[in-house]
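Here is the structure we will look at, set down as structure tokens.
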Amino acid sequence: MLDPKLLRTEFDEVAKHIGRRGLSLDKKRFSELEEQRKNLQVETEDLQGQRNKNSKLIGQAKSKGEDASEILAAMEKINQSLKTNETKLEVLLSEIQTWMLELPNLPDSSVPDGSTEDDNQEVRKWGEIPSFDFEVKDHVDLGESLGGLDFETAAKITGSRFVTMQGGIAKLHRALIQFMIDTHTAEHGYEEVYVPYIVNAQSLTGTGQLPKFEEDLFKLNHENDYYLIPTAEVPVTNIWRDRIAKEEELPIKYVCHTPCFRSEAGSYGKDTRGMIRQHQFEKVEMVQLVKPESSWHMLEELVNHAEKILQKLNLAYRVVALCTGDLGFSSAKTYDIEVWLPAQNTYREISSCSNFLDFQARRLKARWKNTATKKTEHLHTLNGSGLAIGRTLVAVLENYQDKDGTIKIPEVLKPYMHGLDKITKEK
RNA sequence: GGAGAGGUGGCAGAGUGGUCGAAUGCGGUGGUCUUGAAAACCAUUGACUCGUAAGGGUCCGGGGGUUCGAAUCCCUCCCUCUCCGCCA
């Protein structure tokens, strides 16, 4: 959520920044609502003040045994207007609140303008694009012929956009998770956390998935408003909802592996083949809650942490800065990391690292006590995939394939593979 | 699933239908004392919100109700704990 004060005092400036996302703000409507709100609020609070005073007077009078009927008569009037005022104010506040919750974050000035992913800006490249002296197979062909990936069986068990894995590939998949968590905890200073995979609507509102993007989520048929998590970001960031951090606790850096569930509504034609776009996938997520002054620096670090995984796996990648049109709802700036996929002969997104500034923190009421100012202030939140496991598996399969369709195990994963250094056909 | 108990400030823990944003203790902060520290003593210490300010308003698990007035009474939901059952 944007700072309401900023909206009140610098509306045009806010509108200009939001305009870069291709949205226009209705200034007239907002100032009307605000005007009404202000008057109504002042009036209501004044009435409440009168009520409080009179109630005390009544109490005093009664304890002395005096007659209070005059004050009681006055109270009747006050309470009548108070009731109508309070009702009006409540309606107005919820209208303003709804409007505020659907406003996206302001893009940082360093975010390139643009409308589609074609306008994203390449920041850097790393690694050698591998060359093969045979015709490369994609991960579907490789996985299916090795007997380790099975989309049909998953479709039978559930439906489309799911997969089952077996044997060496299943082990490799799990190895990737362990390797990433170990790297981030041992080398990058993250604390490992475990969280629920089902969350309530409040948590999703906190990180910004609700109220606008409900169709992207799997909602449970349960009496409470429960949803499957679309990313670990939701439960992990919400650890700090309604909490105030001490300064010495900062920065807070969590790493967490969870499955992610996405309905992928509106992407029916896209990436229907293979593991690129599934309803269920694993992800290792890095989440940070930091002092405002450090968040831009921390974003750069966060990207580096994600990159480190690809470097250790020796997978070629590039980092791009998302343009205003591609930027997520809650994000002020996002870097995507795209890994090289030989079979597609292109880079594909494997990580997304964002600085949300205080946008999520304001929704979450995630705050810290600033010892210098002695004030309670909003934290800044960041997160990034480190990395998406399914897509990393795809990248390893395709980049580490041999002519005979077997897969070499990357050096850094060998400790996790219990002696296996090559994936061959399952029996 | 059955039976019971309870949710109060950073924590622990009082609380009455009225002057209670709330005793007390711990913790935190500042100070006195001390070479320094501890102890002791004194003071101070919740969050949110409107307002330039003065000064208001809101918050005792969430929501609703009764009342002139609710932390206190009623309803409802959520959560926690104990016992039983079941289970991983």
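Below, chain A is the first sequence line, B the second, and so on; all start at residue 1. Just so we're clear, the structure is a prediction, and the values are computed from it rather than from any experiment.
- A donor-acceptor pair shorter than 3.5 Å can be found between the side chains of A:Asn355 and A:Ser295.
- Comparing the C1' positions of B:A47 and B:G64 gives an interatomic distance of 24 Å, to the nearest angstrom.
- Considering only side-chain N and O atoms, A:Thr376 lies under 4.0 angstrom from the phosphate OP1 or OP2 of B:A47.
- Between A:Arg243 and B:G10, a side-chain N or O to OP1/OP2 separation shorter than 4.0 Å is absent.
- Among the protein residues, A:Lys365 comes within range of no part of the nucleic acid, since none of its heavy atoms lies under 4.0 Å from any strand.
- Distance check on atom P: B:U8 versus B:A23 gives 15 Å, rounded to whole Å.
- Ring planes of A:His305 and A:His188: parallel class, angle under 30° (limits at 30 and 60°).
- For the residue pair A:Glu264/A:Gln278, the side-chain donor-acceptor check at 3.5 Å is not satisfied.
- Summarising the geometry, the separation between NZ on A:Lys83 and P on B:G64 is reported as 12 Å, rounded to the nearest angstrom.
- A:Asn370 places its CG atom 16 Å from the C1' atom of B:A47, with the value rounded to the nearest Å.
- As a whole-Å value, the separation of A:Leu47 CG from B:U58 P is 11 Å.
- As rounded to whole Å, 8 Å separates atom P of B:C48 from atom NE2 of A:His378.
- The side chain of A:Glu45 approaches B:G56 more closely than any other nucleotide in the set B:C68, B:C48, B:G56.
- Under the Watson-Crick or G-U wobble criterion, with both distances below 3.5 Å, B:U34 is left unpaired in every strand shown.
- Atom NZ of A:Lys38 and atom C1' of B:U49 are 13 Å apart (whole Å).
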Which donor-acceptor pairs under 3.5 Å do the side chains of residues 208-219 of chain A make with protein atoms, sequence neighbours left out?
{"from": "A:Gln209", "atom 1": "OE1", "to": "A:Thr207", "atom 2": "OG1", "distance (Å)": "2.7"}
{"from": "A:Glu214", "atom 1": "OE2", "to": "A:Tyr227", "atom 2": "OH", "distance (Å)": "2.6"}
{"from": "A:Lys219", "atom 1": "NZ", "to": "A:Asp225", "atom 2": "OD1", "distance (Å)": "3.4"}

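- Here B:C59 presents its P atom at 10 Å from CD of A:Glu86, a figure rounded to the nearest Å.
- Side-chain atoms of A:Gln48 stay outside donor-acceptor range of the base of B:G57, with no qualifying N/O pair under 3.5 Å.
- Between A:Gln41 and A:Glu90, the residue anchored nearer the 5' end of RNA chain B, judged by the nucleotide with its closest heavy atom, is A:Gln41.
- For A:Lys369, a side-chain nitrogen or oxygen approaches OP1 or OP2 of B:A47 to under 4.0 Å.
- Ring pair A:Phe30/A:Phe11: centre-to-centre distance below 6.0 Å.
- The phosphate of B:U67 (OP1 or OP2) has no side-chain N or O of A:Arg51 nearer than 4.0 angstrom.
- Phosphate contact (OP1/OP2 of B:U58, side-chain N/O of A:Asn52, threshold under 4.0 Å): present.
- In this structure, B:U80 forms a base pair with B:A5, meeting either the Watson-Crick or the G-U wobble geometry with both donor-acceptor distances under 3.5 Å.
- Taking atom CZ of A:Arg367 as the reference point, atom C1' of B:C48 lies 7 Å away to the nearest angstrom.
- A close approach under 4.0 Å does not occur between any side-chain nitrogen or oxygen of A:Lys56 and OP1 or OP2 of B:C20.
- Rounded to whole Å, the P atom of B:A70 lies 34 Å from the corresponding atom of B:A3.
- At the phosphate of B:C50, neither OP1 nor OP2 sits under 4.0 Å from any side-chain N or O atom of A:Arg37.
- Between the side chains of A:Tyr317 and A:Gln311, a donor-acceptor pair is found at a separation under 3.5 Å.
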